[in-house]
Trainee: 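Here it is, the structure in full.
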Amino acid sequence: MKKVFGIAIRTTIVTLVLTGLIYPFVMTGLSQVLFPWRANGSLVTDEKGQVVGSELIAQGFANPAYFQPRPSAAGEKGYDATASGGSNLGPTSKKLQDRINDDLKRLKSENSEATGPIPAELVTTSASGLDPHLSPDAMLWQVPRVAKSRGVSPDRVKAVVDASVEGRTFGILGEPRVNVLLVNLALDRQFGKATPLPPPPEKKETKDATKEGATPAQPTSQTTPPPAK
């Protein structure tokens with residue numbers, strides 16, 4: 001019994017050292033030497049060297065001067081890298097159908113000068129909710145809106161997209177694709193940063209004055225307008 005117990009203890013210690021210490025340290029060291037940028041998250045920086053995202057993770061763009069990625073069901077507001085996943089809603093789901101119909105109406109309204117049908121990927125989420133790529137067709141469909149918002153010709157915006165198309169991996173895997181974040185950064189470098197959208201109006205919470213003892217909510221320091229100069 002003692003012999004078996006001793007063997008088990010030694011096996012546990014050796015396994016712990018090999019798989020819990022030596023292997024992780026060796027792999028981490030090799031990755032930092034061979035491809036540090038990939039190992040550290042494929043982080044993307046702007047012209048000032050500030051990290052603005054990851055090449056591998058999509059993020060939302062509401063400003064019409066930027067290309068928009070696929071919709072996301074990752075997290076409560078979408079594009080949450082800590083909550084990667086899909087909605088798990090089936091094709092007969094009314095909630096899914098309503099969301100798609102709302103997106104179709106929004107895309108038609110925001111892209112009134114676009115030609116052709118709306119690409120399906122602009123209204124469908126990926127399994128992870130974080131797909132950073134779009135097809136060239138889905139990018140080109142948005143060109144008129146982006147060009148108009150930036151005050152440049154569509155041909156100049158199209159040239160930025162065409163220059164950013166990534167081919168098939170190893171020439172055979174996948175389809176040609178475009179990284180939305182990288183193209184938006186390329187637009188800023190070539191045409192300057194777009195004018196930021198105004199912040200949405202704050203929603204003031206008020207109490208029901210009809211209830212007994214209820215009084216109207218008083219403005220906080222955040223909602224009180226600044227004194228006139």
Trainee: Which residue, Thr45, Leu185, Leu43, forms the side-chain contact (heavy atoms from CB on, under 4.5 Å) with Val52?
Mentor: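 Among the candidates, only Leu185 passes.
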Trainee: Under the side-chain contact (heavy atoms from CB on, under 4.5 Å) test against Trp141, which residue among Ile118, Leu134, Thr115 passes?
Mentor: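 That would be Ile118.
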Trainee: In Å, rounded to the nearest 0.5 Å, how long is the span from CG of Leu96 to CG of Asn88?
Mentor: 11.0 Å
Trainee: Is it the case that one hydrophobic cluster holds both Leu181 and Leu56, taking links as side-chain heavy atoms less than 4.5 Å apart, direct or via other members?
Mentor: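 In one cluster with Leu181: Leu56, no.
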Trainee: Verify the cluster assignment for Phe5 and Val14: are they in a single hydrophobic cluster under the rule of side-chain heavy atoms below 4.5 Å apart?
Mentor: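 Both belong to a single hydrophobic cluster.
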Trainee: Show your working on side chain to side chain contact (heavy atoms under 4.5 Å, CB included) between Glu47 and Lys193 and close with a plain yes or no.
Mentor: CA-CA 11 Å; Glu47 66 279 1; Lys193 287 190 175 182; 3.4 Å; yes
Trainee: Would you say Arg177's side chain and Pro132's backbone share a donor-acceptor pair under 3.5 angstrom?
Mentor: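 Side chain of Arg177 to backbone of Pro132, a donor-acceptor pair under 3.5 Å: no, none is there.
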Trainee: So which heavy atom on Asp131 is nearest to which on Ala58, and how close?
Mentor: O-CB, 3.2 Å
Trainee: Tell me whether Ser42 contacts the main-chain N or O of Glu55 through its side chain, where contact means a donor paired with an acceptor under 3.5 Å.
Mentor: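 No; judged by distance alone, with no hydrogens or angles, the pair does not exist.
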Trainee: Compare every heavy atom of Ile100 with every heavy atom of Val123, then report the nearest pair and how far apart it is.
Mentor: O-CG1, 3.8 Å
Trainee: Mind running salt bridge (charged side-chain N to carboxylate O under 4.0 Å, His left out) on Glu121 and Arg70 for me, showing each step along the way?
Mentor: CA-CA 6 Å; Glu121 62 202 279; Arg70 299 180 66 172; 5.6 Å; no
Trainee: To the nearest 0.5 angstrom, please state how far the CD1 atom of Ile9 sits from the CD1 atom of Ile7.
Mentor: 11.5 Å
Trainee: Minimum heavy-atom separation for Ala73 and Gly86, please, with both atom names.
Mentor: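 Here Ala73 and Gly86 meet closest at CB-C, 3.9 Å.
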Trainee: Tell me whether Arg150 contacts the main-chain N or O of Ala65 through its side chain, where contact means a donor paired with an acceptor under 3.5 Å.
Mentor: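 Present.
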Trainee: Test of understanding: with salt bridge (charged side-chain N to carboxylate O under 4.0 Å, His left out), list the residues that count as partners of Asp162, not counting sequence neighbours.
Mentor: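 Only Lys158 meet the salt bridge (charged side-chain N to carboxylate O under 4.0 Å, His left out) criterion with Asp162.
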Trainee: Just do the side chain to side chain contact (heavy atoms under 4.5 Å, CB included) check on Leu182 and His133 with the steps written out, would you?
Mentor: CA-CA 10 Å; Leu182 296 185; His133 295 96; over 6 Å; no
Trainee: I'd like to know if the side chain of Ser31 reaches the main chain of Thr28, judged simply by a donor and an acceptor atom lying under 3.5 Å from each other, with no hydrogens or angles considered.
Mentor: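 Yes; at least one donor-acceptor contact below 3.5 Å.
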Trainee: Using a strict cut-off of less than 4.0 Å between a Lys/Arg side-chain nitrogen and an Asp/Glu carboxylate oxygen, indicate whether Lys94 and Asp98 qualify as a salt bridge.
Mentor: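 Between Asp98 and Lys94 there is a salt bridge, with a charged N closer than 4.0 Å to a carboxylate O.
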Trainee: As an exercise, state the distance from CD of Gln97 to OG1 of Thr92, rounded to the nearest 0.5 Å.
Mentor: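 Answer rounded to 0.5 Å: 7.0 Å.
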Trainee: With clusters defined by side-chain heavy atoms of hydrophobic residues (ILVMFWY) lying less than 4.5 Å apart, directly or transitively, does Val157 cluster with Leu107?
Mentor: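 Yes.
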Trainee: List the atom of Ala74, the atom of Ser128, and the distance in Å for their closest heavy-atom pair.
Mentor: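 Here Ala74 and Ser128 meet closest at CB-O, 3.8 Å.
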Trainee: Measure the spacing between CD1 of Ile13 and CG of Leu16 and express it to the nearest 0.5 Å.
Mentor: 8.0 Å
Trainee: Could you report the tightest heavy-atom contact between Leu122 and Gln68, atom names first, then the distance?
Mentor: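 That would be CD2-O, 4.1 Å.
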Trainee: Mind checking salt bridge (charged side-chain N to carboxylate O under 4.0 Å, His left out) for Glu76 and listing every partner two or more places apart, or none if nothing turns up?
Mentor: none
Trainee: Taking it one step at a time, do Asn40 and Gln32 satisfy side chain to side chain contact (heavy atoms under 4.5 Å, CB included)?
Mentor: CA-CA 8 Å; Asn40 292 326; Gln32 290 295 328; 2.9 Å; yes
Trainee: Between Thr125 and Arg99, is the side chain to side chain contact (heavy atoms under 4.5 Å, CB included) condition met? List the steps.
Mentor: CA-CA 11 Å; Thr125 64; Arg99 198 272 297 165; 3.8 Å; yes
Trainee: Minimum heavy-atom separation for Thr195 to Asn63, with atom names?
Mentor: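 That would be O-ND2, 2.9 Å.
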Trainee: Mind checking whether Leu18 and Val26 sit in one hydrophobic cluster, side chains of I, L, V, M, F, W, Y counted as touching below 4.5 Å?
Mentor: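 Linked, Leu18 and Val26 end up in one cluster.
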Trainee: If you round to the nearest 0.5 Å, how far is OG of Ser112 from CZ of Arg145?
Mentor: 10.5 Å
Trainee: Measuring from atom CZ of Arg189 to atom CG of Asn184, what distance do you get when rounded to the nearest 0.5 angstrom?
Mentor: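 One gets 10.5 Å once the value is rounded to the nearest 0.5 Å.
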Trainee: For Arg168, does its backbone N or O pair with a side-chain atom of Glu175 as donor and acceptor, under 3.5 Å?
Mentor: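 Absent.
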Trainee: Does anything in residues 50-88 pair up under ring-ring contact (aromatic ring centres under 6.0 Å, His included), and if so which pairs, sequence neighbours excluded?
Mentor: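 As it turns out, the ring-ring contact (aromatic ring centres under 6.0 Å, His included) pairs with a partner in residues 50-88, which skip direct neighbours, are Phe61-Tyr66.
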Trainee: Can you check whether Lys105's main-chain N or O pairs, donor with acceptor, with Ser109's side chain at less than 3.5 Å?
Mentor: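 No; zero donor-acceptor contacts below 3.5 Å.
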Trainee: Please say yes or no: joined through hydrophobic side-chain contacts below 4.5 Å, possibly via intermediate residues, are Leu187 and Val180 part of one cluster?
Mentor: yes
